[in-house]
Asks: 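This structure is in structure tokens; I'll ask about it shortly.
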Amino acid sequence: VILLWAECVVCCAFVVELIIRINNTKPRRIFFQDLWNVLDSLLVLAACFDASFLALLGMGGQIRFLTVFRALRIVKLVRLVRMFPVFRELWLLVGGLSNSVRALAWVGVVVLIVLYVGSIITTAEIGQADDIYGTGPSYDGEVWPYKEYFGSVFKSMFTLFQVMTLDAWCDDVVRHVVYRQPYMGVLFAIFICLTAFGLMNIVVGIIVENTLAVAKISDSRVEEKKGVARLEAIERLHEVLQKSDATRTGEISMQELKAANQSKIVQELIAKIGLSFEEVVEIFRLLDYEQRGKIEVARFTRACRELVGGVKRRDLAQVEITVGALAQHLENLDQQFTYIEKEIRDVTHMTADFVQNTVRALTGFDGNRKAPPKPRRDNSPSNTG
């Protein structure tokens, strides 16, 4: 009677739990769209039916064993394990095993085929060789019960499975066979190399590969979450820097940036982005092409977003900043060349004015007329006499 009342109390607790879960689900129809919830509800109803009606009819306990399946709800806890970093290794192991089921199933098929083929051979060569194994004791002085190991195909498969797992395979099986049939040692050696050293290592490799794949996926999800958090921090930093702009021009100076860094909020945002303040200052200097001491807040936050957006985007951002700086230097050089050309033109005009005015006034030669030819001296004898 006490057990019956205790079972009724437990069933009532299950019913209350189910009602609370249904009421807390909004909208309620979504509750029964989950297969786990439907299975749990059926198990609770079965337990209540068994405790209320079947127990009164003296048939209690007929379907009580079904409530054991409620323990399967613990599988749902595995989905929550990945939310806690302390259980990361457990989640990776479970994920690797679950992803390896299909590959392991095919490996199991291959193992069964190998065991079946090997069992046919060993049953014919060992289990039915009464003239060889039924003539006397084995190497240890005792009669070896070869029929218990290789009397049928099923027994041979079980024995070969024992050999494959290397569980007492030598003293209990192989030594007795080699003692009577030495050439069978080659068959067992090939079988062990194919199964214990081949297929079993494939199983380990499949599990390790899938575990590493799950770890890679888990790390990528963590990086995605961190990337989203960085982008949110950059957007928040953009709003704070805009408020720090005293002139409301959409630009921020180095002094305003340093003043904003005095706030703990800005320090936390920069830390969430994954940068130090020295790196922020360096970004500011790289973006300040014109050396004005001011840059646009939007361009500054866009550069930060590119730098924390991954290796490729970071490289592209650095290339963009470098190209911008080189373009500004080339523009400065072009301005300097333009200034030099203007100076050369001014010097040319001054030289022309000097020739037209000063030299003409002093010599009467304006540079346009040719100088008169010098008189030719006559050195003939008639003139000298």
Side-chain angles (χ1 to χ4, degrees), residues 68-69 71-72 74-75 78 81 87-218:
V68 178
F69 289 102
L72 293 176
I74 196 173
V75 179
V78 179
V81 166
F87 297 111
R88 181 177 182 272
E89 288 76 12
L90 177 59
W91 166 249
L92 295 179
L93 179 60
V94 174
L97 290 174
S98 61
N99 293 337
S100 304
V101 171
R102 180 177 297 179
L104 293 179
W106 287 111
V107 173
V109 171
V110 176
V111 170
L112 287 177
I113 294 174
V114 173
L115 290 178
Y116 181 72
V117 174
S119 66
I120 294 176
I121 297 174
T122 54
T123 301
E125 294 293 330
I126 301 174
Q128 298 178 1
D130 298 334
D131 56 336
I132 298 176
Y133 293 93
T135 57
S138 184
Y139 77 98
D140 56 356
E142 297 180 358
V143 178
W144 182 52
Y146 64 98
K147 290 290 185 180
E148 297 294 331
Y149 290 95
F150 299 100
S152 64
V153 174
F154 178 77
K155 292 180 179 180
S156 298
M157 290 183 66
F158 186 79
T159 303
L160 291 178
F161 182 79
Q162 177 184 349
V163 175
M164 182 184 68
T165 58
L166 303 179
D167 179 23
W169 64 279
C170 186
D171 294 335
D172 292 350
V173 180
V174 178
R175 285 187 183 274
H176 297 281
V177 175
V178 174
Y179 179 76
R180 299 287 185 177
Q181 295 174 301
Y183 64 90
M184 291 295 293
V186 178
L187 176 64
F188 281 102
I190 295 174
F191 177 80
I192 291 174
C193 292
L194 179 62
T195 56
F197 300 148
L199 295 177
M200 293 299 100
N201 287 326
I202 290 176
V203 171
V204 175
I206 290 172
I207 295 175
V208 171
E209 180 182 3
N210 284 277
T211 302
L212 293 177
V214 172
K216 185 177 180 180
I217 295 174
S218 178

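All residue numbers refer to positions in the sequence shown, counting from 1. All values reported here derive from a predicted model rather than from experimental measurement.
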Asks: Please test Asp140 against His176 for side chain to side chain contact (heavy atoms under 4.5 Å, CB included), starting from the C-alpha separation and ending with a verdict.
Replies: CA-CA 9 Å; Asp140 56 356; His176 297 281; 3.6 Å; yes
Asks: Please say whether more than 12 non-hydrogen atoms of neighbouring residues, nucleotides or ligands are located less than 6.0 Å from OH in Tyr139.
Replies: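 Count over threshold, so yes.
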Asks: Listed by chain and number, what are the ring pair (Phe, Tyr, Trp, His ring centres under 6.0 Å) partners of Tyr149, not counting sequence neighbours?
Replies: Trp144
Asks: Roughly how far apart are Leu166 CG and Phe197 CZ, rounded to 0.5 Å?
Replies: 6.0 Å
Asks: Would you say Val177 and Tyr133 make side-chain contact, with heavy atoms under 4.5 Å?
Replies: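 Yes - at least one pair of side-chain heavy atoms lies under 4.5 Å apart.
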Asks: Could you go step by step and tell me if Trp169 and Ile192 meet the side chain to side chain contact (heavy atoms under 4.5 Å, CB included) rule?
Replies: CA-CA 10 Å; Trp169 64 279; Ile192 291 174; 3.4 Å; yes
Asks: To the nearest 0.5 angstrom, please state how far the CZ atom of Phe161 sits from the CG atom of Leu115.
Replies: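 Answer for the CZ-CG pair, Phe161 versus Leu115, is 7.5 Å.
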Asks: Looking at CG of Leu160 and OG1 of Thr123, how far apart are the two atoms once the value is rounded to the nearest 0.5 Å?
Replies: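 If we round to the nearest 0.5 Å, Leu160:CG and Thr123:OG1 are 8.0 Å apart.
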Asks: Hey, does Val114 have a side-chain heavy atom less than 4.5 Å from the side chain of Phe191?
Replies: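 Touching, per the 4.5 Å side-chain cut-off.
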Asks: With a 4.5 Å limit on heavy-atom distance, are the side chains of Thr159 and Glu148 in contact?
Replies: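 A side-chain contact is absent here, since even the closest heavy-atom pair is not under 4.5 Å.
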Asks: Let me confirm one number: the CZ-CZ distance from Arg175 to Arg180, rounded to the nearest 0.5 Å.
Replies: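 Here the rounded value is 15.5 Å.
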Asks: Do you know the tightest heavy-atom contact between Asp131 and Thr135?
Replies: O-CG2, 2.9 Å
Asks: As an exercise, state the distance from CG of Leu112 to CE of Met157, rounded to the nearest 0.5 Å.
Replies: 5.5 Å
Asks: What pair of heavy atoms forms the shortest contact from Ile132 to Gln181, and how long is it?
Replies: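 Ile132 and Gln181 have their closest heavy atoms at CD1-NE2, 3.6 Å.
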Asks: Would you check if Lys147 and Asp130 make a side-chain contact, meaning some heavy-atom pair closer than 4.5 Å?
Replies: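 A side-chain contact under 4.5 Å exists here.
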Asks: Is there a side-chain contact between Met164 and Val111 in this structure, where contact means two heavy atoms from C-beta onward sitting under 4.5 Å apart?
Replies: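 Yes, close enough: below the 4.5 Å cut-off.
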Asks: Looking at every heavy atom in both Ser100 and Asn210, which two are closest together, and how far apart are they?
Replies: OG-ND2, 3.1 Å
Asks: To the nearest 0.5 Å, how far apart are OG1 in Thr195 and CG in Asn201?
Replies: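 CG of Asn201 is found 10.5 Å from OG1 of Thr195.
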Asks: Identify the two heavy atoms, one from Gln162 and one from Asp172, that lie closest to each other, and give their separation to 0.1 Å.
Replies: NE2-OD2, 4.3 Å
Asks: Could I get the full list of side chain to side chain donor-acceptor pair (under 3.5 Å) partners for Arg102, not counting sequence neighbours?
Replies: none
